[in-house]
Structures are given as C-alpha cells and as structure tokens.
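Here's the structure, in structure tokens; my notes come after.
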Amino acid sequence: MTRETLARLILGGLLAGALGLSLAAYGLARRDVIEIHGRMAEAGGWTPAALDATVGQPLRLRLVADDVVHGFAVGQMDWPAINLLPGRPVETMLTFDRPGRYTFYCTRWCGLGHWRMRGVIEVAGPGAAAAPAGPPLYVQLGLDLDAPRPASAAPLPEGRPSASRGAALAVEVPELGEPRGESPAAVWQALRAQAANESFDDAELWEAVAWLWRSQTTPAALAEGERLYAANCAACHGEAGAGDGVFAPELAHPAEHTQMGAGHQTQAPTAFTDPAGMLGVSPAVLHGKLIRGGMGTGMPAWGPVFTDAQAWALIDYLWTFQFDYAASP
Amino acid sequence: MTPAALSRSRALGWAAWLAAAILILALPWPAFARTPADRVIRVEGRRFEYAPGTVAVNMGDRVTLELVATDVVHGLHLDGYNLTLTAEPGQTARLTFVADRPGTFRFRCSTTCGPLHPFMIGQLTVGTNDFFWRAAGLIGLAALAAVWGLRR
Ligand SMILES: [Cu+2]
Ligand SMILES: [Cu+2]
C-alpha cells in the first residue's frame, strides 16, 4: 500500500466518523421528542393525552394541529400558551421543578367540546408536590354547591348599583364573617338591619353593597378576570355575560344539535346579568362551581387549569355584570 | 295632417323616446343616494360558510365588519381591500374601513378550519344599485314607448 492510499483511507475514515457521530447525536436528541397531535374533541382531542416526565429533566414536545387552530398550555403554570396552526408544527420544551399531576389543555376554541381537549402529565421525582392551597373556600365553609337557592328576600335593585356612589354614603357596616361566603342579598339585609342605616333607601344600600364588593378586589385582578373570561367563558356565557354565547343554543337544546353526541343532558349557561340569580349567591359558591364544574350540565371544571388567583379574578370579574365599579358614578 | 307631416311628427316622437332613454342611462346619479352611511355588518362564520354569504354596501360607506365565529377559529380576508380579521368563538372581531373602491370582492376564510376550509367564501359588493334602477327605468320607458307606438 502506498503512502498516498493510506492517507486517503485515513482521511475518508475520519470524515465518515464525523458524519456518523453527528447523525447519531441528532438521532439521540430527536429520540426523546414526543409528537402530540391535536384534533377537535369529537375527533379525539390530544394524542397521546397522557405523558410522563421527571423533575428537572426537559420534556421535549412537538405539537401538531391536525384539523383546526388549537393552542397548548399547561394548567396553573404561567408559561405562555402556544398557538398551533394546522400545518405549522411547533417544538417546545417543558421542565417541571415539582412532581405532581399537571393538566395540559387547548387554549383556542375548537368547537363545543373544546374544553374537553385536555391531557395529563405525570411528573415523578424528588421534592414536595406543588402544595395544594388547602381545601377550597366552599368546602371550608361547608357550603353545598347544588343546594336549591331560596328566592332573595331583599328587593332587587334597578340597574347596576354604583360602587363609587356607595363609597360616598358612609353606611354602617356590621361585622361580617368571611366576606366571600355571603351573598349580596344577605349583606344587603345585614345593612338594612342596622338601625344607623335607617335613613338610607333601598337603592342606596345596594350601592353600599356594590362598594363592599369592589373593595374585595383590585383593578389588576379585574383586568385579568376580564381577559380570562373573554378567552374561556364568553363562548358559552356570552361576551356581555347574558348567557347568550355562541354555544348557548346548543347547550340549551342538546338533542336538536349534532355537535354533542346523544345522551348529553346540558342546560343553558347562567346569565350573570340576571340579578335574581346572581344577588342571591355567594362568591364562594360561584368559585366552587367554577373549579368543580357543573357535573353534567355543560359547565366545565376549571380547577386544574386556573391558579387560585386566576379563579378568584374570574369570580371578581363576574360581579361587574351586576355592579358598576367605574371610578366615578 | 298631411302624410309627410304625420311621419315627421312620428319621427320626432321616436327621437324624444330615444333621448329619454339616453337620459336614463347617462344622467348622473342623484347625490342623495351616495350620502355615506355608517354600517355595521355582522357576519357569522361556521364550518364552512359565512352567514350572510353576500354583503352589499354603498360607495363611501364607513363599514364595520363584525366577525362572529360560532364553532372554531375562523378568519376573513377581504380581497381588493386587503383586510384580515380573525375571530374565536366568544371573541367577536371588528374592523372598520371606508368602502372607497367600487366592485365585487371575494372574502375568504384565512384560518384553516377543516377539510372544506378553501370553500369558505363570501362576497362583498361595493357600489350604488344604480344599474338596477337604470335598467328598471329603461324597461318602463320601453313599455310606455310601445303603448305610444301602437296607439298611432
Ligand atoms: Cu382545540
Ligand atoms: Cu373558516
């Protein structure tokens, strides 16, 4: 063998080795990329819908929308949602630092069954699971979410009572227990029962209730609630809270519509603008319904999706359909 | 009347009808019909159609298009004006423009919404309806002229 042939062989071998190594490295990196396909809930939702991960180890995902626009987010995490357009797969990497059971969900409306488009990620590993913030308020207060609601004994206000006007009244407020455990009507009656409030008429006491309600929230929470409401709730409950969202007819008459399979017993979404319904119920009960869901009524369970702060921001925002929180009346 | 005078008056009569016809065709359209108006047009998008599928406005109108998606995310791209809207169920999308180009324009869904997505198409017509009225005028005129011609 001449020297030249030897040199050629060595060079060729080196080149082939380099190429092979980089290919192998690429293959290794791709091996743990999990491809997740998103389809409308009626066509199967997410596949796969159950993932496993380990604390501290990146979970690589390649997300593909197969039919219509979907979105991907992990519940209770503040990672930004990822928009998924058909034909434009997106790769992402998630790293969890606490073990636990996480829910991933679709963030863009993709039909009446959109909210069913969820999956779970079981994260194993050392460390304490993300601590639950204790039982929800309705459980702490022992409230029954499904108890029939007696008609409000307080006379209903006309129009939306103004919190700013209520703030100017100097109404005598009695000691209330957990403020979010009482309905506006109950607080109104407590105000009426104060001898010092005799000079105020019924409408003024409602303005005082609106003021008490506003003082339990912040402009930042209301803005967050407004954003979450538009994205997650308005399609059923209506953009103005009147229970007239685009899916309301299907929920009210499930049998006449084909999107829902037969056998679904759903009902019309609650109108948050209806004072008779809203003023007799406490924030704690509404919060409970939000996180637990309506149990077969068509109201989704949002507990695994929203953080505690987000859920309360939504409930705070719902009261703006009853009370006028504007800074000046 | 002499036959010559008769035929002359007949010819004059036909000339008058012809002049009226030309007037109907060429008369500038009265200005009042063009007073621009503010129009809000709500279009519902569902797989795979728009309701209404055809929309007509007048030249110069300030048009606010409201796109309401009733099942999945839909878009609306208006050819000619080059405008795009995207709406998600529960979040009405709005866009205001001045209809300053006459003609008939297609609008089509700009967000993939399923197998028949390419066929999700609607139509916007910008213009006064004067073509219709001029045609109606001509037909009326022709009827009158026919009656006139037969009577002689
Ligand atoms: Cu989806
Ligand atoms: Cu579409």
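Side chains included, hydrogens not; waters and symmetry mates left out as well; all remaining heavy atoms used. Just so it is clear: chains get the letters A, B, ... in the order the sequence lines come, proteins before strands, and each one is counted from 1.
- The shortest distance between side-chain heavy atoms of Arg108(A) and Glu88(B) falls below 4.5 Å.
- At a 4.5 Å heavy-atom cutoff, the contact between Thr112(B) and chain A is made by backbone and side-chain atoms alike.
- Atoms CG and OG1, from Leu85(A) and Thr111(B) in turn, are 7.5 Å apart once rounded to the nearest 0.5 Å.
- Minimum interatomic distance between Pro89(B) and Val246(A) (heavy atoms only, all atoms of both residues): CB-CG2, 3.9 Å.
- Arg47(B) touches chain A through its side chain: at least one heavy atom from C-beta onward sits under 4.5 Å away, while N, CA, C and O do not.
- With chain B as the partner, the residue from Gly245(A), Ala230(A), Cys236(A) showing the most heavy-atom pairs under 4.5 Å is Ala230(A).
- We find the CG-CH2 distance between Asp71(B) and Trp109(A) to be 11.5 Å, quoted to the nearest 0.5 Å.
- Here the shortest heavy-atom pairing between Gly90(B) and Ala234(A) reads O-CB, 3.3 Å.
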